[in-house]
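Remarks on the structure that follows.
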Amino acid sequence: MSVGLLLITHGDIGANLLYTATRILGGTCPVAARALAVTDETQRDALLAEALRLALEVDSGDGVLVLADLYGSTPANIACSLQGGPGAIQIVAGLNLPMLVRALNYPRLPLAELALKVEAGGRDGVLICASQQCAAMGVMP
């Protein structure tokens, strides 16, 4: 078993990130994962009901890691509303591609440990690419 993933984002950001991360890793998603798009047209109660349904769908008993794109926004608020419901939930805001790739690379970590690994992946994946970093990647100016 493994932790399930639920991405809650503005529009199709989550679905596109999940598609891209899965392609980077060879085309097969190693965990149960779903994306919920938050739009201006969807009512908050309907979003919360759908988020709960998706969280239950991806939870195989090891809990669900919910990744929201922007702390303090509607997607993050919906994610926070899932806490206290059925099953174990951990939430990490600030979703980016390095964070998601990290989540998919460690599908067997316990939920709390995976949340920390994912947070570090997101933070470590943001850097200014000076010439030293480009050279380290094998790209020469």
Side-chain angles (χ1 to χ4, degrees), residues 1-140:
M1 293 203 308
S2 63
V3 170
L5 287 179
L6 175 59
L7 286 61
I8 305 177
T9 64
H10 291 88
D12 292 328
I13 293 171
N16 288 327
L17 283 174
L18 185 59
Y19 172 80
T20 302
T22 300
R23 298 284 298 174
I24 288 170
L25 297 176
T28 303
C29 188
V31 300
R34 301 289 183 273
L36 175 62
V38 174
T39 65
D40 292 340
E41 295 80 34
T42 312
Q43 297 294 320
R44 187 183 190 287
D45 290 344
L47 286 169
L48 183 55
E50 182 65 3
L52 181 58
R53 186 188 73 73
L54 292 173
L56 291 171
E57 188 176 299
V58 298
D59 189 1
S60 63
D62 290 336
V64 178
L65 181 62
V66 181
L67 303 175
D69 59 354
L70 184 63
Y71 178 77
S73 67
T74 300
N77 293 338
I78 295 292
C80 288
S81 296
L82 294 174
Q83 288 184 323
I89 300 276
Q90 287 273 310
I91 301 163
V92 179
L95 174 62
N96 61 31
L97 188 57
M99 177 186 288
L100 184 55
V101 168
R102 184 79 57 100
L104 297 177
N105 271 323
Y106 295 94
R108 302 274 183 242
L109 285 179
L111 180 58
E113 196 174 329
L114 181 61
L116 292 172
K117 180 72 80 177
V118 163
E119 178 193 31
R123 191 177 45 247
D124 296 347
V126 177
L127 50 106
I128 297 171
C129 294
S131 59
Q132 298 91 338
Q133 282 79 23
C134 293
M137 292 188 300
V139 179
M140 301 306 284

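Because only heavy atoms are used, hydrogens play no part in the values below, and waters and symmetry mates are left out as well, while side chains stay in.
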Problem - Test item: Leu104 and Leu5 side chains (from C-beta on) under 4.5 Å apart, heavy atoms - result: yes
Handout entry: Minimum side-chain heavy-atom gap Leu82-Leu48 below 4.5 Å
Key =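 Yes. Closest side-chain heavy atoms under 4.5 Å.
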Handout entry: Test side chain to side chain contact (heavy atoms under 4.5 Å, CB included) applied to Val31 and Val3, step by step
Key = CA-CA 7 Å; Val31 300; Val3 170; over 6 Å; no
State, to 0.1 Å, how close [X] and [Y] come at their nearest heavy-atom pair, and which atoms those are.
| X | Y | answer |
| --- | --- | --- |
| Gly72 | Asn77 | O-ND2, 3.8 Å |
| Leu47 | Ala37 | CD2-O, 3.9 Å |
| Asn96 | Pro98 | OD1-CD, 3.2 Å |
| Ala33 | Val58 | N-CG1, 4.0 Å |

Can you tell me how far apart [atom1] ([X]) and [atom2] ([Y]) are? Round to the nearest 0.5 Å.
| X | Y | atom1 | atom2 | value |
| --- | --- | --- | --- | --- |
| Thr9 | Leu36 | OG1 | CG | 7.5 Å |
| Leu52 | Ile78 | CG | CD1 | 11.0 Å |
| Ser81 | Ile89 | OG | CD1 | 11.0 Å |
| Leu54 | Asp59 | CG | CG | 12.5 Å |
| Leu97 | Leu18 | CG | CG | 10.5 Å |
| Leu67 | Gln90 | CG | CD | 11.0 Å |

Exercise for the section: Please test Asp62 against Leu111 for side chain to side chain contact (heavy atoms under 4.5 Å, CB included), starting from the C-alpha separation and ending with a verdict. Expected result: CA-CA 7 Å; Asp62 290 336; Leu111 180 58; over 6 Å; no
Handout entry: Any donor-acceptor N/O pair, Thr22 side chain to Cys29 backbone, under 3.5 Å
Key = no
Exercise for the section: Give a yes or no answer on whether the side chain of Asn16 reaches the backbone of Asp12 with a donor-acceptor pair at less than 3.5 Å. Expected result: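 Side chain of Asn16 to backbone of Asp12, a donor-acceptor pair under 3.5 Å: yes, one is there.
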Exercise for the section: Sort and list the pairs that fulfil salt bridge (Lys or Arg N to Asp or Glu O under 4.0 Å) and have at least one residue in residues 108-119, not counting sequence neighbours. Expected result: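 Residue pairs with at least one partner in residues 108-119: Glu119-Arg123.
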Exercise for the section: Would you please test Leu100 and Leu7 for side chain to side chain contact (heavy atoms under 4.5 Å, CB included) and show each step? Expected result: CA-CA 9 Å; Leu100 184 55; Leu7 286 61; 3.9 Å; yes
Exercise for the section: Please indicate whether Arg53 has more than 12 foreign heavy atoms, meaning atoms of other residues, nucleotides or ligands, lying under 6.0 Å from its CZ. Expected result: yes
